[in-house]
**Student:** 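Submitted below is the structure of interest, expressed as structure tokens.
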Amino acid sequence: MSLPKSYCASEHEDRIYALWEKSGFFNPNNLGKRARPFSIAMPPPNATGTLHIGHCMMLVLQDLMIRYHRMIGDKALWVPGTDHASIATQNKVEKLLAKEGKTRHDLGREKFLEHVAEYAEKSRNTIRNQIRKVGASCDWSRERYTLDAGLSKAVSEVFIRMYSDGLIYRDYRIVHWCPRCHSTLSDDEVKYRPEKTKFYYFKFGPVVIGTARPETKFQDKTIVVHPDDPRYKQFIGQEFTAEWIDGPITAHMIADPIVDPAFGTGAMTITPGHSFEDFDLAKKYQRPIVKIIDEDGNLTKESGSFAGKNARESREEIVARLDKKGLLDHIEENYEHNLSVCYRCDTALEPLPSLQWFVSVSQAVPTYSKSLKDLMRDAVESSRVTIIPKRFEKTYFHWIDNLRDWCISRQIWFGHQLPVYYCKKEKKGCGEIIVAHVAPDTCPKCNTPDLVRDEDTLDTWFSSGLWTFSTLGWPDATEEKHGRMNKTGDLATFHPTSVMETGYDILFFWVARMILMSEYALGEEPFHTVYLHGLVLDVEGKKMSKSKEETLIDPLDVIPTYGADALRASMVVGVTPGNDLRLNAEKIASYRNFVNKLWNIARYILEFDVAAEPEKDAKKKTTLSLADTWIISRLNATVREATSHIKKYRFSQASEVLRSFTWDELADWYIEVAKIEGGKRNILFSILRTVLALWHPFIPFVTETLYQQYREIAKDTFDKKSLPPEILMIHPWPTAQKKYENKKAEEDFGIVQQLIQTIRNARVENGITAAQKIQAVFFSSTRTDLLHAHQPHLKRLASLDFITVLEKGDKPTNAVFLKVHDIEVYLPLGLMKMEDEKKRMLADVRKIETRATSVRQLLSDGQFLAKAPKNIIKKEQERLAQYQDALAHLREQLTKFT
RNA sequence: GGGCAUUUAGCUCAGUUGGUUAGAGCGUUCGGUUUACAUCCGAAAGGUCGCAGGUUCGAAUCCUGCAAUGCCCACCA
């Protein structure tokens, strides 16, 4: 079998993935005896979505870590799964139903849920395939879904525990309400959109008040002013009658420092039912909470003659009525404020009072005598959880400090229904609330049958907060021993998980809540390290979205064209944690080129070099050439550096190190040298194997494909015992050995490289074509051996046809003069323009003089000599010596121009 | 309003704890049928490291201020 000239990813990728999957090594149980666990819980994509480029980012980074850890011998587990994503999914399915002219109510709860489940299952199949396309080596046998029985049990279990700990409670209070989703939202699910609107001023009793929302003001009976405001001081505490929308109304004036006298008229009425601030004020001063707008966005009976009308649409009519009564003072146009909108559907939210379930974040948890806020803060403060990049720790603490109780009940159908049952008074019950996994047949208090389950479902983040441990079998995977709950099975082995890798955009939604849940339920952190990646942006720097097709990069389009490996590389190279990535097709193409380069390096080694040297060095033990010790030294340094970068989560830098070794050193130098020296079969084989292993976590498909070829050939050559593993995925990670690093070889080969590069440069500058061979004369008092040994290299790589190496003697005149370390090179070009050469040399002299002057100055600076470290001073002295040496030679050479 | 970040070559971005001449990819220019690769090879050009101060023997790197851009949080009735 021979390898084609270029790598065609689509011909190999599916086959290679199947090979991995069949091997069983995605499952750590099949990896043999391994002591150290390494685990990642894959952030579950929405079950009804399809993967976009952002998902690729997480898959690539996590797969990189998992593959690396699998190779260094860890028990590596990556748990995949999907999230039911309650609101998002329900919205999506409702939209599809709407196309058929139906609503969920036409189907009824049960039928609707069946419909959603069916749809989700189809999408999940697509997602599974997409994850495979990217090359993710996750353990499919452990795949989970947030609505699985086990995970649902975990949800109820946490709810029940929190309820009995007094952390979950039910309360009537103002909440964020999305009239379109017909559900409450948590504070974090609210987005703000800047909006320009009208700001109205109305006469209200003795004062003028301002408002942007007249339609909420029907029952405003409290005026608040600043206690020190001289305009209103006389009215504070008074009660008076004001003419209002539906006739006279009795109102109070109170004073509170929260009012800004400079805003509007300095007097405001409060609307406790429809403003968070006003709600707090109303609680403080014990004013009634009146619901003016209902869940459909319509005005309630509290609005008198307007009852039943849509609130926002009635605004102008209400203003007109007040105007007619002479109560409209004036209108301010273009009032700028932020409108709160639903993060899922962008609909303007309606704050309204409602009876809902909440998680208290400030009340002490009995077991820990600490609040959930404290638990969340402690985990990061104590460094049990570290966030990369570190700056997000600040953001995290700030979020915790401002956190309010978490509204967890949602009025949608799709999700985990609350494990709450009511013994309803309407059904002759006692009003008892029962929180349990399963409904009791009768009320435990009054024995009334027919308990009614709460219709609401839980916030989707409540269940995803449990993800790291619910996926590993909690709560069943625990047993009581000596009065303590101990973890068993996977939960014991893999929890806390090692790394949570996700986008910074869900730090609050998800990462924080996982910490909350794990700290509460298990008393331990959910993960040790949080690695936050940035967003994938298009060429214009905007977040990629389906609505902008021209700049959208869809992974499913890219993979067939450029290959999954190229896509993967583009998400790693030059990408740093927490920073956004601007992606375009050219970038991906450049990594496709690299993948192809690697392909051809392997192709040369596996086919051409072997063919050229069939038997020669298979058995014979050859002595190593300078180039050999050089490349071995460089490879070892590369292994050492790349490993160190990966350990420190600097994946981009690791890939940089690998790229420059592979392309610049191995391909451009060593393979070219191998063609000259010959007999490199063993050493090239060994280098290739190491290089493939090093690249494998980054670009697994091409490396595995090549490794399979490598192993085919190795099978015929190696004895069975030293045969490497069948698949690269479980090949041991290369280890660096200090004894192979050779500074002298790097220096000496570096001189050969510099000589060749310097001569090449001189050739181009003097207009000598590549085909034209020239002569060179080398003078060196100390390196004649090096020069003699590398005559063939110099000849071929610098296109020379005749070389003279001398220790001393007469220097050629009218020749181009070059200098590398102590080696002088003369290129007698005969016909060239010596005037140009003279100019070039004079320019060189000036350049070096400038540098020498600055170093000389530095070295004559007493402060520098006194305070700088000795090695730095020594370096500078060496530099100066080099400059002086070079200058002396240049000047000497210049004298030869007549 | 508060906070975080970014600002380095034409473009996209690296640059560990301050220490030679600040790097890469793409792009540009010049030259190439070298028997692995034109998805390639060789050579080169291109940077006051946003601006202004400061600390230091020494600053892209640390500190202060300013500017531009982006994001997050809060939100005034």
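Letters A, B, ... mirror the listed sequences (proteins, then strands); counts begin at 1. Remember, it's a predicted structure, so these values are computed and weren't measured experimentally.
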**Student:** Rounded off to whole Å, could you give me the CD1-to-C1' distance for the A:Ile601 and B:C40 pair?
**Tutor:**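 So the two atoms are 12 Å apart, to the nearest Å.
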
**Student:** Answer yes or no on whether A:Arg796 is positioned over the face of A:Trp669, meaning its NZ or CZ is under 6.0 Å from the six-membered ring centre and within 45° of the axis.
**Tutor:**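 No, A:Arg796 does not sit over the ring of A:Trp669.
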
**Student:** Check nucleotides 56-65 of chain B for protein N or O atoms closer than 3.5 Å to its own N or O atoms and list the pairs.
**Tutor:**
unit_1: B:C57; atom_1: OP1; unit_2: A:Lys867; atom_2: NZ; d: 2.1

**Student:** Under the 3.5 Å rule, do the base of B:A36 and the side chain of A:Glu672 count as making a donor-acceptor pair?
**Tutor:**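 Yes.
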
**Student:** Any Lys/Arg nitrogen of A:Arg213 or A:Glu350 sitting under 4.0 Å from an Asp/Glu carboxylate oxygen of the other?
**Tutor:**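 Yes, charged N to carboxylate O under 4.0 Å.
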
**Student:** If you take atom types as modelled and just measure distance, does the side chain of A:Arg592 reach the base of B:U39 with a donor-acceptor pair under 3.5 Å?
**Tutor:**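 For A:Arg592, whose side chain was compared with the base of B:U39, there is a donor-acceptor pair (under 3.5 Å).
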
**Student:** Could you tell me whether A:Tyr7 and A:His12 have their ring centroids closer than 6.0 angstrom?
**Tutor:**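 Yes - the distance between ring centres of A:Tyr7 and A:His12 falls below the 6.0 Å cut-off.
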
**Student:** Is the base of B:U16 touched by the side chain of A:Arg650 through a donor-acceptor pair closer than 3.5 angstrom?
**Tutor:**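 Donor-acceptor pair under 3.5 Å: yes.
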
**Student:** Does anything in residues 575-603 of chain A pair up under side-chain hydrogen bond (donor to acceptor under 3.5 Å, both in side chains), and if so which pairs, sequence neighbours excluded?
**Tutor:**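 Qualifying pairs, neighbours excluded: A:Arg391-A:Asn579, A:Tyr504-A:Asp580, A:Thr576-A:Asn579, A:Asn600-A:Arg603.
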
**Student:** Should stems be defined as at least three consecutive Watson-Crick or G-U pairs with both distances under 3.5 angstrom, which of them involve RNA chain B?
**Tutor:**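 Listed by first number, the stems are B:1-7 with B:67-73, B:10-13 with B:23-26, B:28-32 with B:40-44, B:50-54 with B:62-66.
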
**Student:** Rounded to the Å, how far apart are A:Arg193 CZ and B:A74 P?
**Tutor:**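 One finds 17 Å between P of B:A74 and CZ of A:Arg193, rounded.
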
**Student:** Without decimals, in angstroms, what is the distance between A:Lys390 NZ and B:U16 C1'?
**Tutor:**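 These atoms are roughly 15 Å apart.
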
**Student:** Between A:Gly574 and A:Ile270, name the one whose nearest nucleotide on RNA chain B is closer to the 5' end.
**Tutor:**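 Here A:Gly574 is the residue nearer the 5' end.
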
**Student:** Hey, which of these two, A:Leu666 or A:Asn402, hits RNA chain B nearer its 5' end, going by closest nucleotide?
**Tutor:**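 Comparing both residues, the 5'-ward one is A:Leu666.
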
**Student:** What nucleotide among B:A14, B:A36, B:C41 has an atom nearest to a side-chain atom of A:Phe608?
**Tutor:**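 Selected nucleotide: B:A36.
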
